[in-house]
Chemist: 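Could you have a look at this structure, given as structure tokens, before my questions?
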There are 2 protein chains.
Amino acid sequence: MHDVAKLAGVSVKTVSNVVNDYPHIRPATREKVEKAIAELDYKMNISARNLRQGRTGIIGLALPELSLPYFAELADSVIRAAEARGVVVLIEQTGADRQHELEVLTSERRQLTDGLIFSPLALGPEDTEALKVDYPLVVLGERIFGGDWDHVTMNNVEAARAATQHLIDQGRRRIAVIGAHAGETMGSAALRLLGYQAALAANGIPMDPSLVVEGGLWHRATGADCTTRLLESGTTVDAIFGLNDALALGALHTLHARRIDVPGEIAVIGFDDIEDASYSSPTLSTIAPGREQIAATAVEQLVARIGGDGEPFRRVVSDFEVVERESTRV
Amino acid sequence: MHDVAKLAGVSVKTVSNVVNDYPHIRPATREKVEKAIAELDYKMNISARNLRQGRTGIIGLALPELSLPYFAELADSVIRAAEARGVVVLIEQTGADRQHELEVLTSERRQLTDGLIFSPLALGPEDTEALKVDYPLVVLGERIFGGDWDHVTMNNVEAARAATQHLIDQGRRRIAVIGAHAGETMGSAALRLLGYQAALAANGIPMDPSLVVEGGLWHRATGADCTTRLLESGTTVDAIFGLNDALALGALHTLHARRIDVPGEIAVIGFDDIEDASYSSPTLSTIAPGREQIAATAVEQLVARIGGDGEPFRRVVSDFEVVERESTRV
DNA sequence: TTGTAGGCGTTATCAC
DNA sequence: GTGATAACGCCTACAA
């Protein structure tokens, strides 16, 4: 910057003003400086600016893992939204491990980012304290309510209710759920199960515990495994609600292997609308959770906070949609 | 740092020594300092360190997009490998657009990263000059050979030959390829096509141009579309080689929709071994390209370069493996 | 083994 | 409108 200033015959401050688009600069001066910049191929030192301003222009995104298609697609959307706002994204994977999720919140890396978009999977209401951090934070999902931070989420209960209702509308009555988490009262698993129960109740269908299959991590493998256990339990089933698409795709896999017709014998619906859902055989009906909207809103809120927005903390709920495809089409 | 030094009764330099694990410190001194750090909850200012050292501890990863499962899984592996080496990863998406890929190389964001792992999809040999950058660079894939940078890749030709040979071993003779890029002489498409041709030649099978289907971006949708065009051309086909798994999964989709038995009538093999390949119906045979190894090697090389390694530029070729699943199992 | 001085490249302040 | 100067918080000499 010194060199540029010298070559242009101005002070460093003027150079700084030019590169920062400070409005009150004489056109002639600006031109001189820009010519010097071009001539010397000068590039601003971001580290120095960061030090001075206390900002990095980087936001963190902490999620379970990119191998899970939903999170890969979410990350894609977040990066795009961030780019539109002139910030870049540092991704950290927690592996859905509670210790790792707690660590992310206090990590040294938080120094590197101006704020964090956090999608926890293992934290629960007992970890509320840990989320009281001194940097801008936007939490995704519904695991932890009511803290002093911004929240972007979807209406899990209502969406799961709609998915179940869709199956009921097709005449299904023995609807299984795979991927349930016993004992949880928060988190997607619990909330979606609630929606499922609500739909059954609203249609006067008794809830049968043998139709609720536990499953830990929501991978395809888990869905395949849950479905095997379900079928081998001998209970009657005419539909399966996978609490996410990966589970539902795993279910399709098992059903296919056992030559069970979908949707003829058993209809299947998932949740997330990942890209695979459009290309599986059969294609998978699912809930589209408004991923783009979630990403855009989260980035927008975070950037606003970083900019010193003193608004009260918000909780934004995105829209969802039932997407009917072959796996439930009669 | 001043405050810590004052509280511990030492100089700032000593504090610095402690936090940087400088070896020659009296245990008593170290303890005093650590106590003061804990008491004040002191955190080092990374920006200041970056300014002083000229390093950020961040590496860039530029790839087409995270929605493509192969790249999502690659990013996952890169982040893990980077974590093991104490660096974090900033991901940029190029959308496989040439302009965007060129821009990534000179972007202001390069100031923020100590080096870049770059997986180009649109650049070709004519862009060699653009890759001559003044920061550590590791290029993935085989689009551009022989420049002054490190290269981590797989043996596309040999792997494609093995995939084709696998189909031939199953008695297939009318083997189609989907996703070819006419006119390209570099890049995965061209190299894999070369391997395909080599296998046919080695087995005395004539190459039939009507079996080579063009397809631009390697998404599922493209694979589905290529397969439709292939079938509607009326040519005889008993196997399809998708130049990546997404294409092959798209093919499975179309074949399923048309009630064509896989592998009974048509066998299908892909390339990449993404997670979906294990859970499609039928499960997809494919080439496992050693993704973990590629990621680990790329990070390792980049970190070595950043550390000032003056070794000559290397080209590392990872191992691959044919994975046989239902889509080719007789 | 520890302390002191100086500078890394910017931007903010406040004159002019 | 533009310039001089002092921080931002750390690390690398070099000295003690």
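Labels below follow one simple rule: chain letters A, B, ... track the order of the sequence lines, proteins then strands, and each chain is numbered from 1.
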Chemist: Using atom NE2 of B:H2 as one end and atom P of C:dG3 as the other, report the distance to the nearest whole Å.
Modeler: 12 Å
Chemist: Looking only at the side chain of B:A48 (C-beta and beyond, no hydrogens), which of the listed nucleotides D:dC10, C:dT11, D:dT2 gets closest?
Modeler: D:dC10
Chemist: Is it the case that D:dC10 (base atoms only) and B:R52 (side chain only) share a donor and an acceptor within less than 3.5 Å, ignoring hydrogens and angles?
Modeler: no
Chemist: Taking 4.0 Å as the cut-off, does a side-chain nitrogen or oxygen of A:N17 come that near to OP1 or OP2 on D:dG1?
Modeler: no
Chemist: Check whether B:D127 reaches the backbone of B:L123 with its side chain - one donor and one acceptor, N or O, closer than 3.5 Å.
Modeler: no
Chemist: If you count heavy atoms of other groups shown closer than 6.0 angstrom to CZ of B:R55, is the number above 12?
Modeler: no
Chemist: Consider the side chain of B:M1, meaning its heavy atoms from C-beta on, and name the nucleotide among C:dT10, C:dT11, D:dC10 that approaches it most closely.
Modeler: D:dC10
Chemist: A:R49 side chain N/O closer than 4.0 Å to the phosphate oxygens (OP1, OP2) of C:dT11?
Modeler: yes
Chemist: Checking all strands, does B:T29 fall into the base, sugar-phosphate, or nothing category for heavy-atom contacts under 4.0 angstrom?
Modeler: sugar-phosphate
Chemist: On DNA chain C, does the nearest nucleotide to B:H24 precede the nearest nucleotide to A:V12 from the 5' side, or the other way round? Give the residue.
Modeler: B:H24
Chemist: Think B:N50 has a side-chain N or O under 4.0 angstrom from the OP1 or OP2 of D:dC10?
Modeler: no
Chemist: What is the separation between atom NZ on B:K13 and atom C1' on D:dC14, rounded to the nearest whole Å?
Modeler: 11 Å
Chemist: To the nearest Å, give me how far apart CD1 (A:I46) and P (C:dT11) are.
Modeler: 9 Å
Chemist: Can you find a side chain N or O atom of A:S16 that sits less than 4.0 Å from OP1 or OP2 on C:dT11?
Modeler: yes
Chemist: Taking NZ, NE, NH1 and NH2 as the nitrogens, is one of them in A:E73 or A:R291 under 4.0 Å from a carboxylate oxygen of the other?
Modeler: yes
Chemist: Quiz question: by atom type and distance under 3.5 Å, do the side chains of B:D76 and A:Q93 form a donor-acceptor pair?
Modeler: yes
Chemist: In whole Å, what is the span from the CE atom of A:M44 to the C1' atom of C:dT10?
Modeler: 8 Å
Chemist: Examine C:dG3: is either OP1 or OP2 under 4.0 Å from a nitrogen or oxygen in the side chain of B:T14? Give yes or no.
Modeler: yes
Chemist: Identify which nucleotide among C:dT1, D:dG1, C:dT10 has an atom closest to any side-chain atom of A:R26, counting heavy atoms from C-beta outward.
Modeler: D:dG1
Chemist: Do A:Y70 and A:P289 make a side-chain contact, defined as non-hydrogen atoms from C-beta onward lying under 4.5 Å apart?
Modeler: yes
Chemist: Please check the phosphate of D:dT12 (OP1 and OP2 only) for any side-chain N or O of B:Y22 closer than 4.0 Å.
Modeler: no
Chemist: Need one value for A:L51: base, sugar-phosphate or nothing, where a base atom within 4.0 Å counts as base even if backbone is also close, heavy atoms only.
Modeler: base
